[in-house]
Structures are given as structure tokens and as C-alpha cells.
Amino acid sequence: MDHSVQLYAGRSAVCTAEILYKICTCKSKTEGRILSVSSTAGAEKHTAVSAVYVYYVNGVRYAAKTGWTTFGCFAGGRSCSVRYNANHPQRSFLCKSGIYINCAIGTVFFLIGIGAGLPGLLLPVLIPGI
């Protein structure tokens with residue numbers, strides 16, 4: 001099997017698992033404020049953006065940064081909706097930050113990686129002599 005396919009499937013699985021964990025555990029909601037926005041030009045003129053935001057839970061201030069995404073729309077100084085883990089308030093993500101679409105895309109590429117790699121592993125077993 002091509003090692004680049006294995007590596008890509010592995011990276012997709014790790015990223016997707018981390019995002020799924022955040023989506024499943026960050027159920028509490030609060031309002032926050034975007035402090036700053038960073039952007040970078042990607043391939044084919046797609047711009048990736050990332051934001052630093054703050055939010056308060058029980059009077060404690062937390063700051064976090066979004067991952068790079070081409071699906072987020074952030075503006076510095078504006079309020080934002082934050083989902084956080086009630087047991088670990090420092091774990092959070094911004095609603096409408098592209099986390100759901102990134103998770104879906106990661107899952108699709110993980111499944112493609114598995115679909116491309118599985119035949120490469122099974123063919124020598126099913127057809128001896130290859």
C-alpha cells in the first residue's frame with residue numbers, strides 16, 4: 001500500500017477523532033468575543049482563517065484559538081457563540097467556525113483512505129502469489 005495513503009488516512013482519523021470529541025463533549029453554551037483574526041492565502045487563492053476568542057464560565061476567563069479553516073467567517077471585536085465542556089471549560093469551539101464541515105470532510109477522506117488501503121492489504125491474502 002502507498003505510504004502516503006496510509007499517512008493521510010492516519011492524519012484524517014486523528015483530526016476527525018479530535019473534532020468529534022469536541023462536538024460530543026462541548027454541550028454547554030456561552031457568549032464570547034473574538035479578539036483577533038489571522039488569515040493566510042492557501043492553494044488556488046483559498047484563504048484560511050483562524051481566530052483567537054475569549055469567554056467566561058462562572059466568572060473565570062478562558063481564551064482559545066480556532067483551528068485553520070476555509071469555512072469560518074470571523075470579525076475581530078464581535079461577539080460569538082462558544083460551546084464548551086462543562087467539566088473542562090477550557091475545552092471549547094466556536095459555533096459557525098466550520099468545525100462540522102471540517103469533521104465531515106475529514107471523515108470522508110478517512111473512509112477513502114481506508115477504502116484505498118484495505119484492498120492493498122487483502123489482495124495478497126486473497127490471491128496468493130501477487
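The structure displayed is predicted, hence computed values, not measured ones.
- Between Gly32 and Tyr55, the shortest heavy-atom distance links the atoms CA-CB, 4.0 Å.
- The distance from the OH atom of Tyr62 to the OH atom of Tyr84 is 9.0 Å, given to the nearest 0.5 Å.
- The shortest side-chain heavy-atom distance between Val37 and Ser39 does not fall under the 4.5 Å cut-off.
- With contacts defined as side-chain heavy-atom distances shorter than 4.5 Å, the pair Tyr53/Ser92 qualifies.
- Contacts of Val54 classified as side chain to side chain contact (heavy atoms under 4.5 Å, CB included), with partners at least two apart in sequence or in another chain: Arg33, Leu35, Arg61, Ala63.
- Counting only distance, with no hydrogens or angles, the side chain of Thr66 and the backbone of Ala51 share a donor-acceptor pair below 3.5 Å.
- Note that CZ of Arg83 is 9.0 Å distant from OG of Ser28, once rounded to the nearest 0.5 Å.
- To the nearest 0.5 Å, atom CD1 of residue Ile34 and atom CG of residue Leu94 are 6.0 Å apart.
- Distance check, rounded to the nearest 0.5 Å: SG of Cys26 to CG of Asn85 gives 5.5 Å.
- Val52 is not connected to Val49 by any chain of hydrophobic side-chain contacts under 4.5 Å among Ile, Leu, Val, Met, Phe, Trp and Tyr, and they are in different clusters.
- Contact check for Ser81 versus Glu31: side-chain heavy atoms found under the 4.5 Å cut-off.
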